[in-house]
Amino acid sequence: MKDELRRNMPLFPIGIVTKLTELTPRQIRYYEQQGLISPERTKGNQRLFSFNDVDRLLQIKSYLEKGINIAGIREMLKQQQQVLEAKREAETAKKELSERELRRMLKQQIIHPRRGQIPLNHGELSRFFRH
DNA sequence: CTTCTTACA
DNA sequence: TGTAAGCA
């Protein structure tokens, strides 16, 4: 989950990206103008690309080689982004369910302590059920 | 020297 | 898309 931040860090100037992708600066700037990528800028207005930007450029390149036009690629990325969003939501829902399960089990343990188990005191209880 | 924008072929 | 000009 912390990887996402790393992948979105503005790191490389356009010169590095041209070597990484085999695309010309002209092409890269044009794709940005077409809304296919949104690299950050330095205080001096220079573009700084992230790993995600580079990956996306490589993706754009392969789509272009397969004969898909800019408009088509824009839609592909849009849909792909929606899929990722749905995935994140599903993941979040899953974790919330897990927490509810944990709470339920804790409550169960407090209400019906098993033999040999030390009951939780008030401090611990309030900590677990504060929310 | 690298990058940026703008304009033209 | 390539290239040139004039800046930063």
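Sequence lines set the chain letters: A, B, ... in the order given, protein chains first and strands last, and positions in each chain run from 1. All values derive from a computational prediction rather than experimental measurement.
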Asks: Quickly work out the A:Ile14 CD1 to B:dC1 P distance and round it to whole Å.
Replies: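 These atoms are roughly 18 Å apart.
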Asks: May I ask you to say what A:Pro13 touches in the nucleic acid, namely base, sugar-phosphate or nothing, with a heavy-atom cut-off under 4.0 Å?
Replies: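 Sugar-phosphate contact only - A:Pro13 comes under 4.0 Å of backbone atoms but never of a base.
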Asks: For A:Tyr30 and B:dC8, give me the distance from atom OH to atom P, rounded to whole Å.
Replies: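 Atom-to-atom, A:Tyr30 to B:dC8, this comes out as 18 Å.
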Asks: Would you compute the distance between atom CZ of A:Arg29 and atom CD of A:Gln33 and round it to the nearest 0.5 angstrom?
Replies: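 If we round to the nearest 0.5 Å, A:Arg29:CZ and A:Gln33:CD are 11.0 Å apart.
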Asks: C:dT1 P sits how many Å from A:Lys61 NZ, rounded?
Replies: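 Those two atoms, NZ and P, are 11 Å apart.
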Asks: Just to confirm, is there a sub-4.0 Å distance from OP1 or OP2 of B:dT3 to any side-chain nitrogen or oxygen of A:Arg47?
Replies: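 For B:dT3, neither OP1 nor OP2 has a side-chain N or O of A:Arg47 closer than 4.0 Å.
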Asks: As an exercise, state the distance from CG of A:Asn69 to CD of A:Glu75, rounded to the nearest 0.5 Å.
Replies: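 If I round to the nearest 0.5 Å, the distance is 8.5 Å.
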Asks: Roughly how far, to the nearest 0.5 Å, is the CD1 atom of A:Ile73 from the CD atom of A:Gln59?
Replies: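 Atom-to-atom, A:Gln59:CD and A:Ile73:CD1 are 9.0 Å apart.
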Asks: Give a yes/no answer on whether the side chain of A:Tyr31 brings an N or O atom under 4.0 Å of OP1 or OP2 in C:dT1.
Replies: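 Yes, such a contact exists.
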Asks: For B:dC8 and A:Arg26 - does any side-chain N or O of the residue sit under 4.0 Å from the phosphate oxygens OP1/OP2?
Replies: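 No.
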Asks: Using whole Å, report how far CG of A:Asn45 lies from P of B:dT6.
Replies: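 Going from A:Asn45 (CG) to B:dT6 (P), I get 10 Å.
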Asks: Under 4.0 Å between a side-chain N/O of A:Thr24 and OP1 or OP2 of C:dG2, yes or no?
Replies: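 Yes, within the criterion.
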Asks: Between A:Phe51 and A:Arg6, what is the shortest heavy-atom contact and its length?
Replies: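 So the minimum-distance heavy-atom pair works out to CD1-O, 4.0 Å.
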Asks: A:Leu36 has an atom CG; how far is it from atom P of C:dT1, in whole Å?
Replies: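 A:Leu36 atom CG is separated from C:dT1 atom P by 11 Å.
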Asks: Does C:dC7 have a Watson-Crick or wobble partner in any strand here, with both distances under 3.5 angstrom, and which is it?
Replies: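 By the stated definition (distances under 3.5 Å), nothing pairs with C:dC7.
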Asks: Provide, to the nearest angstrom, the distance between the CD1 atom belonging to A:Ile28 and the C1' atom belonging to B:dC4.
Replies: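 Going from CD1 in A:Ile28 over to C1' in B:dC4 covers 14 Å.
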Asks: Can you tell me how far C1' of B:dC1 sits from CD1 of A:Ile16, to the nearest Å?
Replies: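 That distance rounds to 13 Å.
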Asks: Pick base, sugar-phosphate or nothing for A:Gly15, based on heavy-atom distances below 4.0 Å to the nucleic acid.
Replies: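 Since only primed, P, OP1 and OP2 atoms lie under 4.0 Å of A:Gly15, the category is sugar-phosphate.
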Asks: Tell me: CZ of A:Phe12 to P of B:dT2, nearest whole Å?
Replies: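 To the nearest whole Å, that distance equals 19 Å.
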Asks: Out of C:dG2, B:dC4, C:dT1, which has the shortest distance to the side chain of A:Gln27?
Replies: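 Given the options C:dG2, B:dC4, C:dT1, the side chain of A:Gln27 is closest to C:dT1.
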Asks: Taking all atoms of both residues into account, what is the closest heavy-atom pair of A:Leu48 and A:Leu11, and its distance?
Replies: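 Heavy atoms of A:Leu48 and A:Leu11 come nearest at CD2-O, 3.9 Å.
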Asks: Counting the atoms with a prime plus P, OP1 and OP2 as sugar-phosphate, which does A:Arg29 contact under 4.0 Å by heavy atoms, base, sugar-phosphate, or nothing?
Replies: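 Since a base atom lies under 4.0 Å of A:Arg29, the category is base.
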